[in-house]
Amino acid sequence: MIRVVGVHKTFGPLHVLRGITLEVPKGEALVIIGPSGSGKSTLLRCINLLVEPDAGSVFIDGVHVNRPEVSAEWVRQQVGMVFQSFNLFTHLTALQNVMLGPVRVKGMEQEAARVKAKQLLARVGLAAKAEAYPAELSGGQQQRVAIARALAMDPKAMLFDEPTSALDPEYIREVLDVMTALAREGMTMIVVTHEMGFASNVASRIVFIDAGIVLEEGHPNQIFGNPQQERTRTFVSKILR
Amino acid sequence: MATEAATGQTVSRPGIVSLGSVVRVAETIVGAVLLILILQWVLEFEIADPRLWSIYWRPFTDGIVGSLGYIALILPVSVLMGFFLGWARISRFRVLAWPVATYVDFFRGVPPLVIVIFASLIGPSLMPERFQSRTLGLTLAALALAFHSAAYQAEIFRAGFQSVHRGQLEAAQALGLKPLQAMRHVVLPQAFRLSLPPLGNELAVLIKDTSLLSAIGAIDIFGLSQDVQQQLIFTPGSDLRWLFIIWTAVALVYFVMTYAMTTILAYLERRVRVRGLETMSI
């Protein structure tokens, strides 16, 4: 479903991605871990072209997407994204946030979009908050609306960029539950997270990224229980405490 | 408000006329009337003196019409220009940004009166003889005044755009919105909300700055009133306390025009208010 081949990205003097290659088959939930600054976020952004890769190729559903002939807007419709800081549109209600994409990008009728948005909000457990503005919602609620907003575009895959890192501890569970359900339903996902419980239970594979390269990848049991690389071992021991 | 949030009902938008706004307008009118009564008493004039108004009524009404005409031209032009210049300053096309920065620096550094006089001279002198007219000079001067204010408004809109968090644009892009759609549906509504209060300030200044056009002979309330003042001063036997009446009336006209504009903007501000993002009270 998603294939990344030899992707490089440089920001000024910073060589953030140094030839990343990974593949996510349809229906797989891949978890990416790695120290801060290792390029995890940049990698996700290269997949939906919020960041343009300097070199290498990104394939989505077999289509080579980082080419001038492919419009970035089209690519982003195929892959939903959830941000660490939620980024709900502050001037719109939860319902309007979820409706915006289908109406403006897909040209869906207002009424149809409203019905769909309500279903999605119900699915993330927020049917009662449809008319609330983001500033009236808790972090966990905002992030669940953000997931519904991304799902409203019927994406083929979902990217999660540290979706629980900005949350108070009591709200982390509800967001992870939504993500777990999504993975169980067979959504292809790439999740950057340090939630080890989620990673062990939901991920089919874990990729450890360090200094812009894939240092190690494998089943959660292997990465957490028996890492092969010294740096993976050090990192895992830190996050497992 | 609290019950609405709890029940999750649709937001109630304030109507055009709310009780609160009626009360505010009434307070202002009472205040203005009291101030005029006090001025009359202290300075010993009679605001409705029929002897003055028989001379002044015509220039007074012509002047109001003239001023409103200039405002109707200058205000929309300046807001449109200010908006697009402010946008240009944050444009991803960097080649647009620096000429605008120069433009802003230039107009901020020159007194509007100088700009008005300069524009009235330079415009007609570049045109062929048969197109030259008073109206042309005045129109160009009025536009120059709009350009001057547009420089300030560009900064207001730029600040509005820049106060929208970067993540808002990223989220819009991640949904597949094109840049113009992201601008229209995500960035602009938020930037507009934050730009309104300073914009009201600038437009109030601009309304009053139209009086500068009288320096080059515009038919406006300021210019015509000044003509009447000259006339009175050089008419033997005229009562010079009448001048207080004239300038009280002129001040009142500018006040009403400015107040009407700020009232409209205050209404817009209420319209775009977002629950949960109200300003704090301290």
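Each chain gets a letter, A, B and so on, in the order the sequences are listed, and its residues count up from 1.
Under the 3.5 Å distance criterion, the side-chain polar atoms of Gln181(B) are matched with a main-chain donor or acceptor of Arg104(A). Of the possible polar contacts, none joining the His91(A) side chain to the Leu188(B) backbone as a donor-acceptor pair under 3.5 Å is found.
Heavy atoms from other residues, nucleotides or ligands lying under 6.0 Å from CD of Glu109(A) number 12 at most. Within a 6.0 Å sphere centred on CZ of Arg67(A), other residues, nucleotides and ligands contribute more than 12 heavy atoms. A 6.0 Å sphere centred on NE2 of His64(A) holds more than 12 heavy atoms belonging to other residues, nucleotides or ligands.
The stretch residues 74-89 of chain A places Arg76(A), Gln77(A), Val79(A), Met81(A), Phe83(A), Asn87(A), Leu88(A), Phe89(A) near chain B, each with some heavy atom under 4.5 Å from a heavy atom of that chain.
Salt-bridge check for Glu73(A) with Lys178(B): failed, with every basic side-chain N at 4.0 Å or more from each acidic carboxylate O.
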Checking Val186(B) against Leu100(A) for the side chain to side chain contact (heavy atoms under 4.5 Å, CB included) test, could you report, in this order, the C-alpha distance in whole Å, the side-chain angles of both residues, the deciding distance, and whether it holds? CA-CA 9 Å; Val186(B) 174; Leu100(A) 185 72; 3.8 Å; yes
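The two residues Leu277(B) and Ala135(A) come nearest to each other via the heavy atoms CD2-CB, 3.9 Å.
Under 3.5 Å, the side chains of Thr90(A) and Gln168(B) contain no donor-acceptor pair of N or O atoms.
Note: Gly176(B) leads Gly176(B), Pro179(B), Pro189(B) in heavy-atom pairs under 4.5 Å with chain A.
Rounding to the nearest 0.5 Å gives a distance of 5.5 Å between CG of Leu175(B) and CZ of Arg149(A).
If you measure heavy-atom distances from Gln173(B) to chain A, the contacts under 4.5 Å come from both the backbone and the side chain.
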